[in-house]
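Below, chains carry the letters A, B, ... as their sequence lines are ordered, and counting in each starts from 1. Note that the structure is predicted; figures quoted are calculated from it, not measured. As a basis for the values below, the full set of heavy atoms in this structure was taken, side chains included, without hydrogen atoms, waters or symmetry mates.
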Amino acid sequence: MAGDTPDAGGGHTFPPSRVYTRYVPLKGDHGMLDLKFVRDNVAAVEEALRKRRSTLSLEGFVALDRERRERLVLVERMRAERNAASEEIGRLRREKKDATDLMERMKSLSSRLKGAEAELPAIEGKMEEFLLSIPNVPAPSVPEGAGEEDNPTVRTWGTPGTFSFPVKDHVDIGADLDILDFDRAAKIAGGRFCLSKGAGALLERALIGFMLDVHTREHGYLEVLPPFLANSASFLGTGQLPKFEEDLFRVAGTDYFLIPTAEVPVTNIVRDEILPVESLPLKMTAWTPCFRAEAGSYGKDTRGMIRQHQFNKVELVKICRPEQSAEELEKLTADAEEILKRLGLPYRVVTLCTGDLGFSAAKTYDIEVWIPSQGRYREISSCSTFTDFQARRAKIRFREGASGKTRLAHTLNGSGLAVGRTVVAILENFQREDGSVDVPEALRPYMGGMARIGKRC
RNA sequence: GGAGAGGUGGCCGAGUCGGCUGAAGGCAACCGCCUGCUAAGCGGUUGUACGGGUAAAACCGUACCGAGGGUUCGAAUCCCUCCCUCUCCGCCA
């Protein structure tokens with residue numbers, strides 16, 4: 001790469017783990033995430049944290065903020081004095097007059113100023129770290145609750161089928177049909193990986209094509225194919241960093257992380273940009289593989305392809321005006337649901353309660369598909385609005401036509417859908433007594449007309 | 001990997017031997033004027049953040065010319081480090 005200077009090791013130097021591209025505030029020098037909002041709404045933020053069952057406390061932050069402002073006033077007063085004197089010196093010298101007296105005095109002021117300035121970064125660093133760790137404030141319509149069990153069901157579609165024979169799970173179905181091979185995947189990579197073969201691989205590819213086609217041709221999304229690795233600044237923008245590095249795979253010795261969702265590269269397409277208002281809502285869809293470390297989920301869903309280190313997903317991302325975001329979330333969720341309807345898979349939609357809400361989200365609908373072998377619904381899509389949370393971090397703005405003012409956009413995203421889990425749902429819901437699986441009508445054109453997956457001969 | 005060029009405001013683009021440059025000039029946008037309509041033309045306005053101030057404004061201050069550091073009374077301008085982009089050569093899907 002041009003401009004790089006080899007170090008002693010002959011390679012590039014990247015930030016060590018946990019050191020990220022510094023948060024760069026909006027054009028400012030020492031701006032904060034939403035300093036004013038937090039300062040002016042301490043009670044509201046604390047209430048939001050309580051609802052989220054978070055242990056974070058604003059205590060200390062308020063004092064830190066006061067201290068910062070006191071010092072800032074001091075520093076800025078000194079700078080003003082210095083600037084005025086410097087201008088005076090310039091004038092004197094242009095008039096060929098002596099300025100050594102003033103210069104001497106400024107020399108001492110300048111060194112005192114340096115001392116005063118030196119105290120600020122530490123305070124601001126602490127405040128910044130804190131602000132980056134505050135989760136988004138839940139939307140007013142989000143029900144309060146402690147966890148998963150408190151998520152209310154919004155609606156249910158379809159009826160779980162009944163089987164006149166003992167149902168098999170997708171692992172057995174896949175093994176019997178020789179289309180899923182977890183043993184060899186483990187040999188190649190390890191646990192939580194899958195190798196699809198024959199109709200299994202075709203099914204996965206068909207689903208990706210089907211989903212993308214519906215979203216681009218019928219729902220008006222622009223298809224994008226982004227990088228599958230992204231840098232730390234991008235992850236900071238969408239909120240996966242700095243708090244959740246342990247969930248990510250990092251490429252050793254680099255600033256690159258494997259994306260855990262297309263949300264990261266796609267939302268960051270417009271990072272640091274001011275968008276023309278008429279381009280909103282911006283709707284994009286992308287297929288990507290997703291990579292997740294799944295640290296802390298040991299023993300959970302170890303069997304099968306429900307929880308993998310790598311899985312395919314078709315993602316929906318929207319960038320819109322604040323006034324549009326509530327409605328756009330409903331539409332986005334409906335767009336994801338449409339896929340399940342066309343595939344004929346029974347599902348329900350739940351609203352995540354405050355205690356179950358993700359870090360960056362203000363409101364989330366989970367779409368859960370029926371899994372016969374488990375006798376319950378499992379998440380297959382998660383549709384969220386982040387309000388201006390990601391936009392603030394990633395500096396995604398738009399210019400209001402009338403006032404000419406820039407405003408933070410709202411960002412949303414949702415799976416449309418998780419492809420691996422869709423494969424699971426299809427295999428299990430459409431299995432037949434003889435071990436074969438019916439291919440949903442909508443998918444057949446994408447599978448060369450194949451109507452049923454049977455044993456290979 | 002080797003060699004070179006460059007990163008300035010919404011965009012393009014000047015910045016001389018460091019000082020009066022938040023930053024010329026142009027475009028775009030907005031507000032007036034002019035004009036059968038449109039186009040052209042004329043005049044004016046238009047960055048962001050933080051802090052102070054205000055009922056809210058006005059207003060005042062500070063910072064920001066890729067990022068970080070240094071020199072200096074003073075840096076877009078000088079020095080160092082890093083990042084990124086572009087061009088050519090090499091290698092490669």
* Going by modelled atom types, is there a donor-acceptor pair between the base of B/rG19 and the side chain of A/Glu87 at under 3.5 Å? ->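 Not at all, since no donor on one side and acceptor on the other fall under 3.5 Å apart.
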* Asked: Under the 3.5 Å rule, do the base of B/rG61 and the side chain of A/Arg79 count as making a donor-acceptor pair?
  ->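 Check fails, no donor-acceptor contact within cut-off.
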* Any pair counted as ring pair (Phe, Tyr, Trp, His ring centres under 6.0 Å), so long as it reaches residues 73-97 of chain A, sequence neighbours left out ->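 Qualifying pairs, neighbours excluded: none.
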* Pairs meeting criterion ring pair (Phe, Tyr, Trp, His ring centres under 6.0 Å) with involvement of residues 62-85 of chain A, two or more places apart ->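 Applying ring pair (Phe, Tyr, Trp, His ring centres under 6.0 Å) to every pair that reaches into residues 62-85 of chain A, excluding sequence neighbours, yields nothing.
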* To do: Ignoring the backbone of A/Val73, work out which of B/rG52, B/rU62, B/rC73 is nearest its side chain.
  =>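 Of all the options, the side chain of A/Val73 is nearest to B/rG52.
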Suppose you measure atom [atom1] in [N] against the same atom in [M]; what distance do you get, rounded to whole Å?
{"N": "B/rA14", "M": "B/rG25", "atom1": "C1'", "result": "7 Å"}
{"N": "B/rC64", "M": "B/rA23", "atom1": "P", "result": "14 Å"}
{"N": "B/rU85", "M": "B/rC33", "atom1": "P", "result": "49 Å"}
{"N": "B/rA40", "M": "B/rC30", "atom1": "P", "result": "13 Å"}
{"N": "B/rU62", "M": "B/rG10", "atom1": "P", "result": "22 Å"}
{"N": "B/rG53", "M": "B/rG66", "atom1": "P", "result": "34 Å"}
{"N": "B/rA57", "M": "B/rA5", "atom1": "C1'", "result": "49 Å"}
{"N": "B/rC65", "M": "B/rU48", "atom1": "C1'", "result": "13 Å"}

* Determine the contact category for A/Ala85: base if any of its heavy atoms lies under 4.0 Å from a base atom, sugar-phosphate if only primed atoms, P, OP1 or OP2 are that close, otherwise nothing. =>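 Here A/Ala85 touches no strand at all.
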* To do: Look at all strands and tell whether A/Ile89 reaches a base, only sugar-phosphate, or nothing, counting heavy atoms closer than 4.0 Å.
  =>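 Answer is base: heavy atoms of A/Ile89 come under 4.0 Å of a base.
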* Asked: Is the distance between the ring centroids of A/Phe249 and A/Phe291 under 6.0 Å?
  ->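 Distance test on ring centres: not under 6.0 Å, no.
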Pairs under 3.5 angstrom, nitrogen or oxygen only, protein versus nucleotides 58-60 of chain B, please.
none

Using whole Å, report how far [atom1] of [X] lies from [atom2] of [N].
{"X": "A/Leu92", "N": "B/rC20", "atom1": "CG", "atom2": "P", "value": "15 Å"}
{"X": "A/Ile123", "N": "B/rC50", "atom1": "CD1", "atom2": "C1'", "value": "15 Å"}
{"X": "A/Glu104", "N": "B/rU72", "atom1": "CD", "atom2": "P", "value": "12 Å"}
{"X": "A/Met106", "N": "B/rC73", "atom1": "CE", "atom2": "C1'", "value": "7 Å"}
{"X": "A/Arg39", "N": "B/rA49", "atom1": "CZ", "atom2": "C1'", "value": "13 Å"}
{"X": "A/Met103", "N": "B/rG18", "atom1": "CE", "atom2": "C1'", "value": "13 Å"}
{"X": "A/Tyr256", "N": "B/rC84", "atom1": "OH", "atom2": "C1'", "value": "11 Å"}
{"X": "A/Lys395", "N": "B/rG66", "atom1": "NZ", "atom2": "P", "value": "15 Å"}

* To do: By nearest nucleotide on RNA chain B, pick out whichever of A/Gly90 and A/Arg69 is the more 5' one.
  =>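 Per heavy-atom nearest nucleotide, the more 5' residue is A/Gly90.
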* Of A/Lys107 and A/Arg77, whose nearest nucleotide on RNA chain B comes first from the 5' end? ->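 Nearer the 5' end of the strand: A/Arg77.
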Under the rule for side-chain contact (heavy atoms from CB on, under 4.5 Å), what residues qualify as partners of [X], not counting sequence neighbours?
{"X": "A/Cys290", "value": "A/Thr288, A/Phe311, A/Lys313"}
{"X": "A/Arg444", "value": "A/Val439, A/Glu441, A/Ala451"}
{"X": "A/Lys126", "value": "A/Leu64"}
{"X": "A/Glu144", "value": "A/Arg50, A/Lys51, A/Arg53, A/Thr354"}

Does a nitrogen or oxygen in the side chain of [X] sit under 4.0 Å from OP1 or OP2 of [N]?
{"X": "A/Ser110", "N": "B/rG74", "result": "yes"}
{"X": "A/Arg68", "N": "B/rG51", "result": "yes"}
{"X": "A/Asn83", "N": "B/rA63", "result": "yes"}
{"X": "A/Arg82", "N": "B/rA63", "result": "yes"}

Expected list for residues 207-222 of chain A: side-chain donor-acceptor pairs under 3.5 angstrom, two or more places apart:
residue	atom	partner	partner atom	Å
A/Asp213	OD2	A/Tyr446	OH	2.7
A/His215	ND1	A/His219	ND1	3.1
A/His215	NE2	A/Gly416	O	2.8
A/Thr216	OG1	A/Leu212	O	2.8
A/Thr216	OG1	A/Asp213	O	3.3
A/Glu218	OE1	A/Arg342	NH1	3.3
A/Glu218	OE1	A/Arg342	NH2	2.4
A/Glu218	OE2	A/Arg342	NH1	3.0
A/Tyr221	OH	A/Asp335	OD2	2.6

Using a cut-off of under 3.5 Å, enumerate the N/O to N/O pairs linking the protein to nucleotides 69-71 of chain B.
none

* With respect to A/Ser382, which candidate in A/Asn413, A/Thr261, A/Asp366 satisfies the side-chain hydrogen bond (donor to acceptor under 3.5 Å, both in side chains) definition? ->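 Filter result, single survivor: A/Asp366.
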* Structure fact -> RNA chain B in dot-bracket form (Watson-Crick or G-U pairs under 3.5 Å, [ ] crossing, | inter-strand) is ((((((((.[[[..)...(.....]]]((((((.......))))))((((((......)))))).[[[[[..)....]]]]])))))))....
* Quick one: ring pair (Phe, Tyr, Trp, His ring centres under 6.0 Å) partners of A/Phe182, sequence neighbours excluded? ->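 So A/Phe182 forms no ring pair (Phe, Tyr, Trp, His ring centres under 6.0 Å) with any residue.
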* To do: For ring pair (Phe, Tyr, Trp, His ring centres under 6.0 Å), just list the numbers for A/Phe389 and A/Phe359, CA-CA rounded to whole Å, side-chain angles, deciding distance to a tenth of an Å, and then say yes or no.
  => CA-CA 10 Å; A/Phe389 186 85; A/Phe359 178 75; 5.7 Å; yes
* Cationic N near anionic O, under 4.0 Å, A/Glu117 to A/Lys114 ->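 Here A/Glu117 does not pair with A/Lys114 in a salt bridge, since their nearest N and O are not under 4.0 Å apart.
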* Would the number of heavy atoms belonging to other residues, nucleotides or ligands and lying under 6.0 Å from CZ of A/Arg184 be above 12? ->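 For A/Arg184, atom CZ is not crowded (no more than 12 foreign heavy atoms under 6.0 Å).
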* With sequence neighbours excluded, residues passing salt bridge (Lys or Arg N to Asp or Glu O under 4.0 Å) with A/Glu87 ->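 None.
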